[in-house]
Amino acid sequence: MATPSDVRGSRGDSIHHIPALAGAGGRVYRGYRLHPLRRRARGYRGGMESPSNRDDIRDFLVSRRGRIAPEQVGLPAGSRRRVPGLRREEVAVLSGVSTEWYTRLEKGHITGVSEEVLGAVARALELNDDEREYLFDLAKAARPTVRREPRPKDGALDGPVRWLIDSVTLSAVFLRNGRLDVLATNALARALHAPMFESPTAVRDRANFARFHFLDPAARDFFVDWEGGASATVALLRAEAGREPNDRALRELIGELSTRSHDFTRLWSSHDVRSRHEGLKRLRHPVVGNLELTYQSAELANPNRAARTLNLYTAEPGTPHEDRIKLLASWAATNAPGETGRVAEDLPS
């Protein structure tokens, strides 16, 4: 968990290091002003403004090294280990580099490291595809000669995408961006996530999954597996932070959640990353009761717009959950006329 000692001030902080100071309302701490009702980190900066993302690289590599038992890679466990997981020299041997070189890498000195060497480290640490991509994103952001293009704006909803969303009637469909803002829904999705859209965490009719999950107590009643959903939410945001280190709105969101939610900070410190989130979702809906739905996601690629993901929630045919989702669809059609394909108001991206 990040602590005040992790903070280096308002001009050199990394996107991944915002202290949890929720109890310090109204005070200024090293460039961060926290207010009792709206505590948001100020001067929160990421990407190349921090020294090559050194802290992000260090903490990520240390966390991945710490989760691998020596026995997993054919090494003796020994009895004099002071920390869990592998030692630095063991990772160095597995990666085919010197201990001195790997130590420098783990301290964040990643500039100039080849993709081949990074790949060897990723294999030694048994990184999955999402973690490997995240490590490479951190390395890309650390290169001083690379100028990152500004993040494309979300933009208006394309006609064919709107038609697709409108055409689905028995699955809840919503479109989101990498910050987990909901950009568009069909009527069923809006009815399914009614507690989120009615939450005070929604800004000008634009709901955000992360804000609702961590800042509205109602989320703990709505999501049956709140902890699992919270972990996935944080992992999605961390992966997006690696891809878009200069996204100001993302930095502000992470800063807000870090200063207002101890649970977010606890999960953020785990350094888990995830590019996709699919599986089984269990909800306690205020209208139709308990629901168990499968959900799938698909990326909508457009080089002129920020990445957007289409998510679909569907009930298994022949189950009571299908009956309830049909009932909810009927209720949505009756109680929310004209809401199909509803798009949130445009906000600055």
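Nothing fancy with the numbering, it's 1 onward along the sequence.
- Taken together through direct or relayed side-chain contacts under 4.5 Å among Ile, Leu, Val, Met, Phe, Trp and Tyr, Leu75 and Ile68 form part of one hydrophobic cluster.
- Using bins of under 30°, 30° to 60° and over 60° for the plane-to-plane angle, the ring pair Tyr295/Tyr313 lands in the parallel bin.
- With a 6.0 Å radius and a threshold of 12 heavy atoms from other residues, nucleotides or ligands, Arg88 has its CZ atom above the threshold.
- We find the CD-NZ distance between Glu322 and Lys326 to be 4.0 Å, quoted to the nearest 0.5 Å.
- A heavy-atom distance below 4.5 Å is not found between the side chains of Phe212 and Thr233.
- Atom NE2 of residue His271 and atom CD of residue Glu131 lie 12.0 Å apart, to the nearest 0.5 angstrom.
- Ion pair Arg58/Asp55 flagged as a salt bridge, since at least one NZ, NE, NH1 or NH2 atom sits closer than 4.0 Å to an Asp/Glu carboxylate oxygen.
- When side chains are defined from C-beta on, Arg238 does not count as touching Ile254, because their heavy atoms never get closer than 4.5 Å.
- Contact check for Arg282 versus Asn290: no side-chain heavy atoms found under the 4.5 Å cut-off.
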Let me see the working for Leu61 and Val91 under side chain to side chain contact (heavy atoms under 4.5 Å, CB included), right down to the final yes or no. CA-CA 10 Å; Leu61 292 177; Val91 177; over 6 Å; no
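- Taking CG of Leu257 as the reference point, atom CG of Leu215 lies at 5.5 Å (rounded to 0.5 Å).
- For the residue pair Leu237 and Gly178, the shortest heavy atom distance occurs at CD2-O, 3.9 Å.
- Between Arg211 and Met196, every side-chain heavy-atom pair lies at or beyond the 4.5 Å cut-off.
- Under a 4.0 Å N-O distance rule, the pair Glu100/Arg104 does not qualify as a salt bridge.
- Contact between Arg67 and Glu126 at its shortest, heavy atoms only, is NH2-O, 3.4 Å.
- Under a 3.5 Å cut-off, the side chain of Asp181 and the backbone N or O of Leu183 do not form any donor-acceptor pair.
- Both Leu300 and Leu164 are part of a single hydrophobic cluster, where members link through side-chain heavy atoms under 4.5 Å apart.
- Here the two rings, on His193 and Phe209, have centers that are under 6.0 Å apart.
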One pair to check against side chain to side chain contact (heavy atoms under 4.5 Å, CB included): Leu188 and Thr169. What are the steps and the verdict? CA-CA 7 Å; Leu188 180 55; Thr169 57; over 6 Å; no
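- Counting heavy atoms from C-beta outward, Ile110 and Leu118 have side chains that approach closer than 4.5 Å.
- Closest non-hydrogen pair, His285 versus Val288, comes out as ND1-N, 3.6 Å.
- Seen from the ring of Phe197, Arg190 counts as a face-on cation partner, given the 6.0 Å and 45° thresholds.
- For the pair Glu106 (side chain) and Thr103 (backbone), a donor-acceptor distance under 3.5 Å is absent.
- With hydrogens and angles ignored, the 3.5 Å screen pairs no side-chain donor or acceptor of Arg54 with any backbone N or O of His109.
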Scan the side chains in residues 219-230 for donor-acceptor partners under 3.5 Å anywhere in the protein, sequence neighbours excluded, and list what turns up.
unit_1: Arg220; atom_1: NH2; unit_2: Asp263; atom_2: OD2; d: 2.5
unit_1: Asp225; atom_1: OD1; unit_2: Gly228; atom_2: N; d: 3.0
unit_1: Trp226; atom_1: NE1; unit_2: His213; atom_2: O; d: 3.0
unit_1: Glu227; atom_1: OE1; unit_2: Arg266; atom_2: NH2; d: 3.3
unit_1: Glu227; atom_1: OE2; unit_2: Arg266; atom_2: NH1; d: 3.0
unit_1: Glu227; atom_1: OE2; unit_2: Arg266; atom_2: NH2; d: 3.3

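- Two residues are said to be in side-chain contact when any heavy atoms from C-beta on lie closer than 4.5 Å; Leu253 and Leu180 fail this criterion.
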Test side chain to side chain contact (heavy atoms under 4.5 Å, CB included) applied to Glu244 and Asp137, step by step: CA-CA 9 Å; Glu244 300 290 345; Asp137 284 337; over 6 Å; no
Step-by-step side chain to side chain contact (heavy atoms under 4.5 Å, CB included) determination, Arg260 to Phe214: CA-CA 8 Å; Arg260 296 181 62 185; Phe214 289 99; over 6 Å; no
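- When the shell of 6.0 Å around CD of Glu116 is examined, it contains 12 or fewer heavy atoms from other residues, nucleotides or ligands.
- Looking at Trp268, Tyr134, Phe136 one by one, the single match for ring-ring contact (aromatic ring centres under 6.0 Å, His included) with Phe60 turns out to be Tyr134.
- Side-chain atoms of Asn186 come within 3.5 Å of backbone N or O of Ser171 as a donor-acceptor pair.
- One finds no salt bridge joining Arg176 and Glu240 here, because no Lys/Arg side-chain nitrogen approaches an Asp/Glu carboxylate oxygen to under 4.0 Å.
- Formation of a donor-acceptor pair under 3.5 Å by the Thr314 side chain with backbone atoms of Thr294 is not found in this model.
- The shortest heavy-atom contact between Ala239 and Arg274 is CB-O, 3.3 Å.
- Ser199 places no side-chain N or O within donor-acceptor distance of the main-chain N or O of Ala202, the cut-off being under 3.5 Å.
- Residues Val117 and Leu105 have side chains not in contact (no heavy-atom distance under 4.5 Å, counting atoms from C-beta outward).
- How far CG of Leu94 is from CD of Glu89: 11.0 Å, rounded to the nearest 0.5 Å.
- Both Leu327 and Ile325 are part of a single hydrophobic cluster, where members link through side-chain heavy atoms under 4.5 Å apart.
- For the atom pair CG of Leu328 and CG of Leu170, the computed distance is 11.0 Å after rounding to the nearest 0.5 Å.
- Salt-bridge formation is detected for the pair Arg64/Asp272: a Lys NZ or Arg NE/NH1/NH2 atom is positioned less than 4.0 Å from an Asp or Glu carboxylate oxygen.
- Closest heavy-atom contact between Ser258 and Thr265: O-OG1, 3.0 Å.
- Across Ser95 and Ala120, no two heavy atoms sit closer than the pair O-CB, 3.6 Å.
- No side-chain N or O of Asp216 forms a donor-acceptor pair with one of Thr201 less than 3.5 Å apart.
- By the criterion of side-chain heavy atoms lying less than 4.5 angstrom apart, applied directly or through intervening Ile, Leu, Val, Met, Phe, Trp or Tyr residues, Leu291 is grouped together with Val287 in one hydrophobic cluster.
- Of the inter-residue distances, the one linking Asp130 atom CG with Leu135 atom CG reads 13.0 Å to the nearest 0.5 angstrom.
- Cluster annotation: Val93 is not connected to Val97 through the hydrophobic network of ILVMFWY side chains, with a link wherever side-chain heavy atoms come within less than 4.5 Å.
- Between His321 and Glu316, every side-chain heavy-atom pair lies at or beyond the 4.5 Å cut-off.
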